[in-house]
A.B. asks: 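Quick one: this structure, given as structure tokens, is what I'll be asking you about.
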Amino acid sequence: MKYLLDTNVIISAMLFPTGTPGQAYDLALTTPHAIVVADYTITELRKVFRLKFPNRQADLEQFLDTMVPGITIVPTPAVVEGVDVERVRDNKDWPIVRAAVAAHVDAIITGDKDLLDAELPSPSVLTPAAFLRSLTRQ
């Protein structure tokens, strides 16, 4: 299986490592499954930390350094044929959908309500808790 981690999961994992997103993040990186992050997400992480957590930017860079060996960073295409990104209400989430489809992931792991409510035909969209449940059943 191949999973894409969304920005909010990575932020939560970094800030609250013992919470559900943190547990999902740790499990994702320690399973034999392929974990991908869109290059758009890396840019978005840096932007969020610059605006909301300016004193934690060095912590973010250190976190990214430890994350990178366990993931594959995938490009975010401007367009993906046959993908109806407009199913997702928030156009800021469209790059995530495009990257996930282009990378052929099985699921997006996110806490983003707009992505969770989008009812995408593929890939599936899982909360961190649903992701944890799916892996512990395997």
Side-chain angles (χ1 to χ4, degrees):
M1 299 285 285
K2 188 186 236 184
Y3 300 97
L4 182 137
L5 297 176
D6 193 13
T7 309
N8 58 64
V9 172
I10 297 170
I11 290 171
S12 294
M14 184 189 145
L15 297 177
F16 310 103
T18 59
T20 301
Q23 292 173 36
Y25 172 85
D26 286 343
L27 187 57
L29 291 177
T30 59
T31 64
H33 302 289
I35 306 300
V36 301
V37 173
D39 57 1
Y40 171 86
T41 298
I42 303 296
T43 301
E44 190 175 38
L45 284 166
R46 288 184 172 125
K47 180 180 175 184
V48 168
F49 270 75
R50 230 181 0 264
L51 296 173
K52 293 186 177 186
F53 310 105
N55 297 331
R56 304 275 320 256
Q57 289 185 26
D59 295 337
L60 172 65
E61 294 305 321
Q62 183 178 7
F63 187 82
L64 291 174
D65 286 345
T66 62
M67 178 178 77
V68 168
I71 64 162
T72 300
I73 298 175
V74 298
T76 306
V79 175
V80 176
E81 291 296 319
V83 176
D84 182 11
V85 293
E86 292 184 12
R87 285 177 165 265
V88 181
R89 288 184 297 255
D90 186 353
N91 63 357
K92 292 178 188 169
D93 294 325
W94 294 357
I96 298 302
V97 174
R98 290 193 311 262
V101 171
H104 306 288
V105 302
D106 297 294
I108 299 169
I109 305 168
T110 186
D112 187 301
K113 185 155 176 50
D114 292 320
L115 283 170
L116 291 163
D117 290 346
E119 297 181 11
L120 297 171
S122 180
S124 61
V125 182
L126 303 172
T127 64
F131 171 70
L132 283 170
R133 285 191 302 273
S134 74
L135 287 187
T136 55
R137 281 189 295 231
Q138 294 178 0

A.B. asks: So how far is it from Lys113 NZ to Leu115 CG, rounded to the nearest 0.5 Å?
C.D. replies: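 With rounding to 0.5 Å, NZ (Lys113) is 11.5 Å from CG (Leu115).
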
A.B. asks: Only pairs under 3.5 Å count here: list side-chain donor-acceptor contacts from residues 70-82, not counting sequence neighbours, and write none if there are none.
C.D. replies:
from: Thr76; atom 1: OG1; to: Asp39; atom 2: OD1; distance (Å): 2.6
from: Thr76; atom 1: OG1; to: Tyr40; atom 2: N; distance (Å): 3.3

A.B. asks: So, taking the atom named CG in Leu135 and the one named OG1 in Thr31, what distance separates them when rounded to the nearest 0.5 Å?
C.D. replies: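 So the CG of Leu135 and the OG1 of Thr31 are separated by 5.5 Å.
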
A.B. asks: What's the spacing between Phe63 CZ and Met67 CE if we round to 0.5 Å?
C.D. replies: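 Answer rounded to 0.5 Å: 6.5 Å.
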
A.B. asks: What's the verdict on side-chain contact (heavy atoms from CB on, under 4.5 Å) for Leu5 and Thr41, showing C-alpha distance, side-chain angles and the deciding distance?
C.D. replies: CA-CA 9 Å; Leu5 297 176; Thr41 298; over 6 Å; no

A.B. asks: Is any side-chain heavy atom of Leu120 less than 4.5 Å from a side-chain heavy atom of Val88?
C.D. replies: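 A side-chain contact exists here, since the closest heavy-atom pair is under 4.5 Å.
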
A.B. asks: Between the side chain of Asp106 and the main-chain N/O of Tyr3, is any donor-acceptor distance below 3.5 Å?
C.D. replies: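 No, because the side chain of Asp106 does not come within donor-acceptor range (under 3.5 Å) of the backbone of Tyr3.
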
A.B. asks: Could you tabulate the donor-acceptor pairs under 3.5 Å formed by side-chain atoms of residues 46-56, not counting sequence neighbours?
C.D. replies:
from: Arg46; atom 1: NE; to: Glu61; atom 2: OE2; distance (Å): 2.8
from: Arg46; atom 1: NH2; to: Glu61; atom 2: OE1; distance (Å): 3.0
from: Arg56; atom 1: NE; to: Asp59; atom 2: OD2; distance (Å): 2.7

A.B. asks: Return yes if some donor-acceptor pair links the side-chain N/O of Ser12 with the main-chain N/O of Val9 below 3.5 Å, else return no.
C.D. replies: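 Absent.
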
A.B. asks: Could you pull out all residues at least two apart from Asp90 that satisfy salt bridge (charged side-chain N to carboxylate O under 4.0 Å, His left out)?
C.D. replies: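 Once residues adjacent in sequence are excluded, Asp90 has no partner under the salt bridge (charged side-chain N to carboxylate O under 4.0 Å, His left out) criterion.
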
A.B. asks: Kindly give the heavy-atom pair with the smallest separation between Ser122 and Val101, and that separation in Å.
C.D. replies: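 For Ser122 and Val101, the tightest heavy-atom pair comes out as O-CG2, 4.1 Å.
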
A.B. asks: Would you check if Leu4 and Ile96 make a side-chain contact, meaning some heavy-atom pair closer than 4.5 Å?
C.D. replies: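 A side-chain contact under 4.5 Å exists here.
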
A.B. asks: Looking at Asp114 and Arg89, would you say the former's side chain and the latter's main chain have a donor-acceptor pair under 3.5 Å?
C.D. replies: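 No: the side chain of Asp114 does not pair with the backbone of Arg89.
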
A.B. asks: Just wondering, do Ile11 and Glu44 contact through their side chains at under 4.5 Å, heavy atoms?
C.D. replies: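 Glu44 vs Ile11: side chains apart.
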
A.B. asks: Hey, is CD on Gln57 packed in by over 12 heavy atoms from elsewhere, all under 6.0 Å?
C.D. replies: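 Atom CD in Gln57 is packed in, count exceeds 12.
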
A.B. asks: Roughly how far apart are Thr127 OG1 and Asp112 CG, rounded to 0.5 Å?
C.D. replies: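 The CG atom of Asp112 is 12.5 Å from OG1 of Thr127, to the nearest 0.5 Å.
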
A.B. asks: Ignoring hydrogens, what is the shortest heavy-atom contact between Tyr25 and Ala13? Give both atom names and the distance.
C.D. replies: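 In terms of heavy atoms, the two residues are closest at CB-CB, 3.5 Å.
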
A.B. asks: Kindly give the heavy-atom pair with the smallest separation between Ala99 and Ala38, and that separation in Å.
C.D. replies: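 Residues Ala99 and Ala38, closest heavy atoms: CB-CB, 3.6 Å.
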
A.B. asks: Measuring from Thr110:OG1 to Ile10:CD1, what's the distance to the nearest 0.5 Å?
C.D. replies: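 The distance works out to 10.0 Å.
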
A.B. asks: Does the Lys2 side chain pair with the main chain of Ala103, one donor and one acceptor, at a distance under 3.5 Å?
C.D. replies: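 Here the side-chain-to-backbone pair exists.
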
A.B. asks: To the nearest 0.5 Å, tell me how far Met14 CE sits from Thr66 OG1.
C.D. replies: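 If I round to the nearest 0.5 Å, the distance is 9.5 Å.
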
